[in-house]
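See structure below.
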Amino acid sequence: MSPTGQKRKHTFIVEHLDPELEDWQALEYNCIFSESQAADSSFLLSGLTSSFDSAEKLQVLQSSKTQQTVEALYPTAEQRQKVCLLDPKAEKDLSPEDGELFEAFLFGGILGDDPPRDRTGDLRKLGFPGRRLGPEQMTTDTAVRTTRIVVQEGRKLEEIEYVDRPDFDVPSQPNGDGKAGPAETVSMPFKYVKGADGKPILPKGMLELLVSDADKDILDLL
Ligand code: SAM
């Protein structure tokens, strides 16, 4: 909130940095897009190549996608000072006052790898001022959700409730003989904002994707 009590309008930018557009990533981007619309804030997915731009699984309006990179969108050092990079290596944590300081918040559209490979560094070297969301690595959609709560709702980072490394029961996969296999529990390796129903907020379709990709390492899906 601004001092006048008006909710400020910010732009949330995710720069796609991976060579592919994975299914899990499209679900995260779709989720960020729909939550931004519901919160009446702008979303921009930048750095898309032409093939990803038209990918059917990406349900983001054309006006919220661009093939331009943030380097081209903000060419001068002065313009970059208005954009806050959410950076796990930043020295300062994000605070509600940053909602007044910055017009846009920038995130890396990258894999949540373990140990983190610091690919956010590709954006850091462009000179955007950085803020951290606490010491733990989050998924990109959780990082955007957390940032929105802090800069738009004016809540401090430490006031936000999370569900840490939740377990989900997933429907059993049929065996080769067509009979149901043993029920499985999938443990998610990150923390998630706690929703109004007490459950962790995950992108729509993510659990179904985890079930269908059960043979993949979970860290390759997030
Ligand atoms: N493994 C990646 C790395 O090494 O940079 C982190 C990827 S994280 C899944 C995706 C994006 O979410 C980051 O680029 C950053 O913008 C944001 N993010 C995630 N956790 C964060 C944290 N604790 N503080 C600040 N930003 C964070």
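Just so you know, ligand 1 is whichever comes first in the structure, and atom 1 is the first atom listed for that ligand.
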Say whether [X], considering both its backbone and side-chain N or O atoms, lies within less than 3.5 Å of an N or O atom on ligand 1.
X    : value
M138 : yes
L85  : no
P135 : no
R119 : yes

Worksheet item: Among L123, T146, T120, which residue places a heavy atom closest to atom 13 (C) of ligand 1?
Response: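 Selected option, by shortest heavy-atom distance: T120.
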
Worksheet item: Any idea which of Q137, E136, R131 brings a heavy atom closest to atom 23 (N) of ligand 1?
Response: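 Closest candidate by heavy-atom distance is E136.
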
Worksheet item: Under the side chain to side chain contact (heavy atoms under 4.5 Å, CB included) criterion, do Y192 and T139 qualify, and how do the steps go?
Response: CA-CA 8 Å; Y192 299 86; T139 62; 4.2 Å; yes

Worksheet item: Stepwise, does the side chain to side chain contact (heavy atoms under 4.5 Å, CB included) test hold for Y74 with I13?
Response: CA-CA 12 Å; Y74 297 94; I13 307 169; 3.5 Å; yes

Worksheet entry | For F107, the ligand 1 atoms whose distance to one of its heavy atoms is below 4.0 Å | 16 (O)

Practice prompt. Please identify which atoms of ligand 1 are closer than 4.0 Å to at least one heavy atom of G108.
Written response: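 Close to G108: 10 (C), 11 (C), 13 (C), 14 (O), 16 (O).
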
Worksheet item: Got a sec: does the NZ of K57 have more than 12 other heavy atoms crowding it under 6.0 Å?
Response: yes

Practice prompt. Please lay out, stage by stage, how F128 and V70 fare under the test side chain to side chain contact (heavy atoms under 4.5 Å, CB included).
Written response: CA-CA 10 Å; F128 296 103; V70 282; 4.0 Å; yes

Worksheet entry | Within one Ile-Leu-Val-Met-Phe-Trp-Tyr cluster: I160 and V151, side-chain cutoff 4.5 Å | yes

Practice prompt. Indicate, as side chain, backbone, both or neither, the part of A143 found under 4.0 angstrom from ligand 1 when only non-hydrogen atoms are considered.
Written response: side chain

Worksheet item: What do we get for T142 next to ligand 1 when only non-hydrogen atoms under 4.0 Å count, side chain, backbone, both or neither?
Response: neither

Practice prompt. For F52, enumerate each residue passing the ring pair (Phe, Tyr, Trp, His ring centres under 6.0 Å) test, keeping only those at least two apart in sequence or located in another chain.
Written response: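 By the ring pair (Phe, Tyr, Trp, His ring centres under 6.0 Å) rule, F52 matches H16.
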
Worksheet item: Between H10 and Q152, does a side-chain hydrogen bond (donor to acceptor under 3.5 Å, both in side chains) hold up when you go through it step by step?
Response: CA-CA 8 Å; H10 301 104; Q152 302 222 150; 3.2 Å; yes

